[in-house]
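Each remark here refers to the structure printed beneath this line.
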Protein chains: 2
Amino acid sequence: MRSYGQYCSVAKALDVVGDRWTLLIVRELLLQGRCRYTDLRNGLPGIATNLLADRLRDLERAGVIEREDAPPPIATTLFRLSDRGERLRPVLDALGHWGVPYMAAGPAAGDEFRSQWLAWPASTFLVDGSPDGPPVAIELRTPDGDIVVEAAAGVVRTHPGRAQSADAVIEGDPHLILALLSGNLELDAARGAGLRFEGDAAALTRMQPRVTAS
Amino acid sequence: MRSYGQYCSVAKALDVVGDRWTLLIVRELLLQGRCRYTDLRNGLPGIATNLLADRLRDLERAGVIEREDAPPPIATTLFRLSDRGERLRPVLDALGHWGVPYMAAGPAAGDEFRSQWLAWPASTFLVDGSPDGPPVAIELRTPDGDIVVEAAAGVVRTHPGRAQSADAVIEGDPHLILALLSGNLELDAARGAGLRFEGDAAALTRMQPRVTAS
DNA sequence: CCGCATCCGGGGCGATACTG
DNA sequence: CAGTATCGCCCCGGATGCGG
């Protein structure tokens, strides 16, 4: 990116990560950890492949990501964040938190979705309604992968994969899942819309929208 | 900006503030408060005037800033952040903190500088070396305005303007001021380079670089 | 002078095709 | 699978004009 030419730490940061798509690439690496080129493409619907290659080159030169040749049997290239890149997490957290209100209206026409993107709405918008209760885990199964949403000790967190013991399992359209989690859709209505829900409905009410004047 | 078309709060946030120059406009409004168009231009060296006008329109439509007609005798337009815009402060804080290491090497050739930009290096990179001591204020006088750096109760903060009672006053080249504050330049050397320092040198050593593995 | 609008050249970006 | 190559387009940068 063309430098702003300003001796200011915000401008210098944007010189490095202010290009279009750059912070979304960091998002995917924060969410997924080490990725193949194809994994990144899949997590970044809409990006032009030459742009992804360009950005990965830029980010590597800037010391934000590192390229790693996978061990022999695999024969592929993996990309991962460097320590410096991992330190961008607070930036993504702040941006993701600020952007949550835009999710309330539902996806725009043609919006793509990946289950791992629920991490920010879940961990910054939802709050554990019963901080003193035992931990609760809800497993989400979407067409592009599974993630676990956990409420424990007052906070809600997410991570990819399956839960060891899920209190509830939700399967179906990701938009419906978010509507259900955020309280914009009742369980009965969600079921009527095709969402499959198994397990303890109380696990659902355990997670509540954080009360903020946004 | 063209939407990323992703139902993700980070992407939605970048749909609004991801355009070039946009976050720097927010930076200026966070630092300066209400601004005239000309004030913004002055705080954003390098921006094309049509782009500034475009961005201000976009930000107003997005509800991030608000336009305000100044009271009669003044007859000008003022721009200020809305509540929603003020909530971008954590984003700028995170970015500014992440970018501080890029300041260490000094300004690049042709880099512009404004004194108010010292706010992030001062408040996130410097730390109050004597948390239990009485508050200390250093007044900085640069060609484009004055700012105050205060150390109190363990933290270092800045604000524009003059101090009620400054323990020290530094006047001169902003680059030298930052080098002096960050400990990269000794007081004697700074004086030799043309910096004027008056007051208590202990106020200077009160503020120390935060120890981080950056 | 302040707050823009207009015009124009160059390059970043988007979409698709192609390749080792 | 992991990228290059190519080609338009539109965003951006820089200069200038202009009404209030």
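This structure is a prediction, so every number in the text was calculated from the model and none was measured. Within every chain, numbering begins at 1; the chains are lettered A, B, ... in the order of the sequence lines, protein sequences first and strands thereafter.
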Could you tell me if the side chain of B/L56 sits less than 4.5 Å from the side chain of B/L40, heavy atoms only?
yes
So does B/E86 have more than 12 non-hydrogen atoms from other groups sitting under 6.0 Å from CD?
yes
Got more than 12 heavy atoms from elsewhere within 6.0 Å of CZ, B/R80?
yes
In whole angstrom, give the distance that lies between atom CD1 of B/I65 and atom P of C/dG3.
13 Å
I'd like a list of close polar pairs between nucleotides 16-18 of chain D and the protein, N/O only, cut-off under 3.5 Å.
none

On the nucleotide C/dG3, are OP1 or OP2 found under 4.0 Å from the side-chain N or O atoms that B/T76 carries?
yes
For B/L52 and C/dT6, give me the distance from atom CG to atom P, rounded to whole Å.
16 Å
Length of the line joining B/L78:CG and C/dC4:C1', which is rounded to integer Å:
16 Å
What parts of residues 3-17 of chain B reach DNA chain D, counting only heavy atoms under 4.0 Å away?
none
Would you call the rings of A/W21 and B/Y4 parallel, tilted or perpendicular if under 30° counts as parallel and over 60° as perpendicular?
perpendicular
Distance check needed: C/dC2 P versus B/E68 CD, whole Å only.
18 Å
Going through the distances and angles, do B/Y37 and B/T76 end up as a side-chain contact (heavy atoms from CB on, under 4.5 Å)?
CA-CA 9 Å; B/Y37 188 88; B/T76 185; over 6 Å; no
B/E68, CD: over 12 other non-hydrogen atoms inside 6.0 angstrom:
yes
Among residues 31-47 of chain A, which residues get a heavy atom nearer than 4.0 Å to DNA chain C?
A/G46
Do any N or O atoms from the side chain of B/W98 and from the backbone of A/R84 form a donor-acceptor pair under 3.5 angstrom?
yes
Quick one: is C/dC4 close enough that its OP1 or OP2 comes under 4.0 Å of any side-chain N or O from B/R67?
yes
d(A/M103 CE, A/F125 CZ) to nearest 0.5 Å is 10.0 Å
Would you please confirm or rule out a distance under 4.0 Å between OP1 or OP2 of C/dG14 and any side-chain N or O of A/W21?
yes
Can you tell me the distance, in whole Å, between the CG atom of A/D58 and the P atom of C/dG11?
16 Å
How would you label the contact of B/A53 with the nucleic acid (heavy atoms, under 4.0 Å): base, sugar-phosphate, or nothing?
sugar-phosphate
Distance, rounded to the nearest Å, where B/L51 contributes CG and C/dT6 contributes P
15 Å
Which pair of non-hydrogen atoms, one from B/P135 and one from B/D167, has the smallest distance, and what is that distance?
O-OD2, 4.2 Å
What's the CE-C1' distance between A/M1 and C/dG11, to the nearest Å?
13 Å
Are A/R57 and D/dG3 close enough that a side-chain N or O sits under 4.0 Å from OP1 or OP2?
no
Residue met sooner reading DNA chain C from 5', once A/R2 and A/N50 are mapped to nucleotides:
A/R2
Check this for me, if you would: do B/R61 and B/D58 make a salt bridge, where the nitrogen-to-carboxylate-oxygen distance has to be below 4.0 angstrom?
no
Stepwise side-chain contact (heavy atoms from CB on, under 4.5 Å) test for A/H97 and B/R87
CA-CA 10 Å; A/H97 184 72; B/R87 287 207 170 74; over 6 Å; no
Of C/dA15, C/dC4, D/dG13, the nucleotide closest to the side chain of A/A48 is C/dA15
Applying a 4.0 Å non-hydrogen cut-off, can you work out what A/D54 is touching in the nucleic acid: base, sugar-phosphate, or nothing?
nothing
Rounded off to whole Å, could you give me the CZ-to-P distance for the B/R55 and C/dC4 pair?
15 Å
A side-chain contact here means heavy atoms from C-beta on lying under 4.5 Å apart; do A/L140 and A/I170 qualify?
yes
